[in-house]
Amino acid sequence: MWAGLHHHAMAGAMTRYNPAAIEPKWQAYWNDHDTFKTPEGAERPKAYILDMFPYPSGSGLHVGHPEGYTATDIMARYRRARGYDVLHPMGWDAFGLPAEQHAILTGTHPRDTTVQNIETFKRQLKMLGFSYDWSREIDTTSPDYVRWTQWIFLELFKRGLAYQNEVPVNWCPALGTVLANEEVINGLSERGGHPVERVPLRQWVLKITAYADRLLADLDDVEWPNSTRIMQQEWIGRSEGAEVHFQVVGHDASIEVYTTRPDTLFGATFMVLAPEHPLVDAITSDRQRADVTAYVEQAKSKSERDRQASKDKTGVFTGGLAINPVNGAEVPVYIADYVLWGYGTGAIMAVPAHDERDFEFATAHGIPIIEVVSKTGAASGAPLAEAMVEQGIAVNSGKYDGLSTAEFKARITKDLEEAGKGRARVEYKLRDWIFSRQRYWGEPIPIYFPVDTDGDPRVGAEFSIHYDEPMAVDASELPLRLPELDDYKPGKDPAGVLARAADWRFFRKDGRWYARETNTMPQWAGSCWYYLRFIDPRNESEICSRELAERWLPVDLYVGGAEHAVLHLLYARFWHKVLFDAGVVPTNEPFKKLVHQGMILGEGGQKMSKSRGNVVNPDDIVDAFGADSMRVYEMFMGPLEATKPWSTSSIAGVRRFLDRVHTVTARAEASARSDAALTRLLHQTIRKVTDDIEGMRFNTAISAMMVLSNELMKLEQVPTEALEVLAKLLHPFAPHLGEELWGMLGHSPSIQHQAWPEYDPALCEEDEVEVPVQINGKVRARITLPKDATQDQALKAAKSADVVAAQLADKPLRKVIWVPNKILNLIL
RNA sequence: GCCGGGGUGGCGGAAUGGCAGACGCAGGCGACUUAAAAUCGCCCGUGGUAACACGUGCGGGUUCGAAUCCCGCCCCCGGCACCA
């Protein structure tokens, strides 16, 4: 069969480049020959090259998807050619809200929608010729996969890292659902404008805070974009400070505060509790009670977002006083919503002179401001115009006066600790991860609870569930599957949709009734560990064999959008560390090198969106130009990480380039030899393309191949050996054309099995260089010199140029700057 | 406000201390053609006939030499947003 192809190609210098014909042909070849199957065994070096897998939405692939996928595909094909065993898989992050919304509206089972969408996505990805090992395809909604997601949950549960807590959520009774913060506007639901309440609801929470230090420290070990590492650092938000106890006047209670500036303790002129603080009720005086109650109520009715939207420093005095432990001063205690209940101790000592927020509050409420830190070491005496938040020298601080901020902090923390009035403390902004959703289309949480009932709760008997006695479903019973429902609409019960599936929810064991957890997992769950399952996707007895995990981890290259810089990448790292502690994985971190592809904008430079009508559909592009043109164009647009606008006329230019490569390859002459200039260009091109692929600078790699093909076009006789090099360099970018060219040059497939071309650095060197001659920094002439000429040779050549000679005749030469092969600068 | 990234021809971009504008798009001229398309060749930062001058967001600095390094400012994009 392939002999026939050669014959056809050789006969057909007239045969035109026809992607519509060759692309399906080579896709079928790869498919039939398992060209991209991940090799077994471990003799060769490995490369695990991974894309962030997509949510298979109903609208199919958009042009943003293939950008990252093409980049990883080039890396995968390049590494194979370089002798690596490559793992390059693809799968589906298929749980998610859109399929559930569609089910609510149409009654279609989310699984049916999902299966259909996956089919579309897969067809489109295959159309683009990506070299995935499809035998490892994963779907996070398949029972095989859900089983192990649930297994990890149980592992978290057994380790005390999954617990239940009453967490205030945005519950909308009219919609019968819990809303995310961004779905609530001014206390009303974004859709429908129904009232939303902050109600405490039992939730499953994962103790990610237990891993905060490791998640922070190990960021040093990964090759990630700096911006992403910084975002994660800030999200974790570690700070070192002190906890200080303030005795409440007239009560047997003390207020604990957290501060990063214990050195400003002498400047604490009031305290603030978060409105939710449990001491509020006790310390509020009768006189202030009405005001305090009203303020607390008001804070409760606002969403977290609305509370944070206003920067005004509102608050009320509780009537209570507390004693400053360092100087015995009595300070008033306020409540204000600028103090957050979820951070630190939910209470602060307020130092208006040295904290902007406290300064604003003090100014608004007429509270004294005492300066305790100064740049010079002397108090300014005058009232401060604004808070001085920098470090400095202590003043007005008794025996501590004159200490630097750092010394003061260390001393007072020690003194407080000795006096039993405080201690050093580390705080994090990171909070535990609310892991339950009141949804249908997610992994059921494999937990059940004992039930008290006097009948059969499946048919309406009264029951009460002992949520405080959660029990793990036995691993042998996994996967715990979702029940079939007739109706996916959220109901009145905040326990979620699954609560209505009574036959599924309640079961009897050893004469006792039990109820299953009716919350499901969030979409993050499946994407937290899919990279692990790709390593051993059909293993029925383990999540992943230890041997294969050792072979393939960590992921060497992970490419995906920057929108996942924090949540997905932090959650996945957390689970990975838990699995490391459980002995499942051998590495600290899952993803060694991370790259974010930039966004592709519409033709007008605006974000692509249906409403703007500027969405480009990959099917149309492949129809018009072919998959290889689309791939090469997306890589040629600019740096991978950059945001850049789509341009259909530019893709036509890329298509012309591929056309020319096809045409010039058809002119191959086996007997022709490369002359010195062509040999040099060939070696330079190999070097440039190789280096650029290693650095993922695909745009400049393509440019170098364009230069080579332009030169080849000019030749009378085009040497086969040069065309072979071009085909090998081009094939990771334009794989179908690469195979076709390889056949045209008389070889049998696949070009993927050919070794990557090597260059000889000596042959890359030019033997002559053109050097600009500057006079006082301005270019006045150019001279041609042998490579590595000396300053004397350069000067001599420069003086023979008319312009230079004329200038030198007028003025004396004061200084010569000679950078070999680069520049000659004469200072007169 | 804070953090991160960026600002270069008509457009996408290249050059990270040494000839600014590689490569491509768009545009112009020419060849081929009865003609058009396609293809091929040449031109293409601005001003100027030219010599030359000017030119990488703006203002300053360092340097023989700056798109590139430093200081100050403006604008655009992304993220975070009272975290004590």
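By convention in this document, chain letters (A, B, ...) are assigned in the order of the sequence lines, proteins followed by strands, and residues within each chain are numbered from 1. Values below: every heavy atom of this structure, side chains too, minus hydrogens, waters and symmetry copies. Since the model is a prediction, treat every value here as computed from it, not as a measurement.
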| Anti/syn call for B:G6, syn if |chi| within 90° |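 Anti, which is what one calls it when the glycosidic angle falls more than 90° from 0.
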Would you indicate what [X] reaches in the nucleic acid, counting non-hydrogen atoms under 4.0 angstrom: base, sugar-phosphate, or nothing?
{"X": "A:Ser703", "answer": "base"}
{"X": "A:Gly237", "answer": "nothing"}
{"X": "A:Pro639", "answer": "sugar-phosphate"}
{"X": "A:Glu360", "answer": "nothing"}
{"X": "A:Thr260", "answer": "sugar-phosphate"}
{"X": "A:Asp659", "answer": "nothing"}
{"X": "A:Ser239", "answer": "sugar-phosphate"}
{"X": "A:Val339", "answer": "base"}
{"X": "A:Val819", "answer": "base"}
{"X": "A:Arg660", "answer": "sugar-phosphate"}
{"X": "A:Gln774", "answer": "base"}
{"X": "A:Lys822", "answer": "sugar-phosphate"}

Integer angstrom distance from the [atom1] of [N] to that of [M]:
{"N": "B:G7", "M": "B:A14", "atom1": "C1'", "result": "16 Å"}
{"N": "B:C23", "M": "B:G18", "atom1": "C1'", "result": "22 Å"}
{"N": "B:U34", "M": "B:C42", "atom1": "C1'", "result": "26 Å"}
{"N": "B:U68", "M": "B:A15", "atom1": "C1'", "result": "9 Å"}
{"N": "B:A20", "M": "B:C52", "atom1": "P", "result": "14 Å"}
{"N": "B:G10", "M": "B:U46", "atom1": "C1'", "result": "13 Å"}
{"N": "B:C11", "M": "B:A26", "atom1": "P", "result": "15 Å"}
{"N": "B:G45", "M": "B:G55", "atom1": "C1'", "result": "8 Å"}

Donor-acceptor check, side chain of [X] to backbone of [Y], threshold 3.5 angstrom: yes or no?
{"X": "A:Tyr338", "Y": "A:Asp312", "result": "no"}
{"X": "A:Asn324", "Y": "A:Leu265", "result": "yes"}
{"X": "A:Asn825", "Y": "A:Ile817", "result": "no"}
{"X": "A:Lys644", "Y": "A:Ala642", "result": "yes"}

[X], nearest nucleotide to its side chain (from [options]):
{"X": "A:Thr700", "options": "B:A15, B:G13, B:C82", "answer": "B:A15"}
{"X": "A:Lys644", "options": "B:G12, B:A14, B:C25", "answer": "B:G12"}
{"X": "A:Asn710", "options": "B:A84, B:G24, B:G18", "answer": "B:G24"}
{"X": "A:Ser649", "options": "B:C64, B:C25, B:A84", "answer": "B:C25"}
{"X": "A:Lys313", "options": "B:C23, B:C64, B:C82", "answer": "B:C82"}
{"X": "A:Tyr258", "options": "B:G78, B:A84, B:G4", "answer": "B:A84"}
{"X": "A:Leu340", "options": "B:G78, B:G18, B:A84", "answer": "B:A84"}
{"X": "A:Asp337", "options": "B:G24, B:C82, B:A84", "answer": "B:C82"}
{"X": "A:Arg780", "options": "B:G65, B:A53, B:C25", "answer": "B:A53"}

| request: Using Watson-Crick or G-U wobble geometry with both distances below 3.5 Å, tell me the partner of B:U62, or none. | output: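 None - no nucleotide pairs with B:U62, as no candidate has both distances under 3.5 Å.
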| Pairing partner of B:G78 (Watson-Crick or G-U wobble, both distances under 3.5 Å) |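 The answer is B:C3, by the H-bond criterion.
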| Mapping A:Trp341 and A:Tyr633 to their closest nucleotides on RNA chain B, which lands nearer the 5' end? |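 Nearest-nucleotide comparison on RNA chain B picks A:Tyr633.
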| message | Closest-nucleotide mapping onto RNA chain B: is A:Glu234 or A:Met599 further toward the 5' terminus? I mean the 5' end. | response |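 Per heavy-atom nearest nucleotide, the more 5' residue is A:Glu234.
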| Counting only heavy atoms not in A:Lys607, do more than 12 sit closer than 6.0 Å to its NZ atom? |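 Atom NZ in A:Lys607 is not crowded, with 12 or fewer foreign heavy atoms closer than 6.0 Å.
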| CD of A:Glu694: more than 12 outside heavy atoms within 6.0 angstrom? |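 Above 12, so yes.
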Using whole Å, what does the distance between atom [atom2] of nucleotide [N] and atom [atom1] of [X] come to?
{"X": "A:Glu641", "N": "B:C77", "atom1": "CD", "atom2": "C1'", "result": "16 Å"}
{"X": "A:Phe625", "N": "B:A38", "atom1": "CZ", "atom2": "P", "result": "12 Å"}
{"X": "A:Leu658", "N": "B:G24", "atom1": "CG", "atom2": "P", "result": "13 Å"}
{"X": "A:Ile335", "N": "B:C82", "atom1": "CD1", "atom2": "P", "result": "19 Å"}
{"X": "A:Ile348", "N": "B:A84", "atom1": "CD1", "atom2": "C1'", "result": "6 Å"}
{"X": "A:Met231", "N": "B:G5", "atom1": "CE", "atom2": "P", "result": "10 Å"}
{"X": "A:Ile817", "N": "B:A66", "atom1": "CD1", "atom2": "P", "result": "12 Å"}
{"X": "A:Asn825", "N": "B:A66", "atom1": "CG", "atom2": "C1'", "result": "13 Å"}

| Does the side chain of A:Lys714 get closer than 4.0 angstrom to OP1 or OP2 of B:C42 through an N or O atom? |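 No, A:Lys714 has no side-chain N/O under 4.0 Å of OP1/OP2 on B:C42.
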| message | Looking at A:Arg656, I'd like to know whether one of its side-chain N or O atoms comes within less than 4.0 Å of OP1 or OP2 on B:C25. | response |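 Result: yes.
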| request: Scan side-chain atoms only and decide if A:Tyr633 and A:Asp628 contain a donor-acceptor pair under the 3.5 Å cut-off. | output: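 No, A:Asp628 and A:Tyr633 have no side-chain donor paired with an acceptor closer than 3.5 Å.
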| request: Establish, from distance only, whether the side-chain atoms of A:Gln232 and A:Arg573 form a donor-acceptor pair under 3.5 Å. | output: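 Checked: A:Gln232/A:Arg573 side chains pair up, N/O donor to acceptor below 3.5 Å.
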| Between A:His564 and A:Trp524, what is the ring plane arrangement, given parallel below 30°, perpendicular above 60°, and tilted in between? |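 Aromatic pair A:His564/A:Trp524 classed perpendicular.
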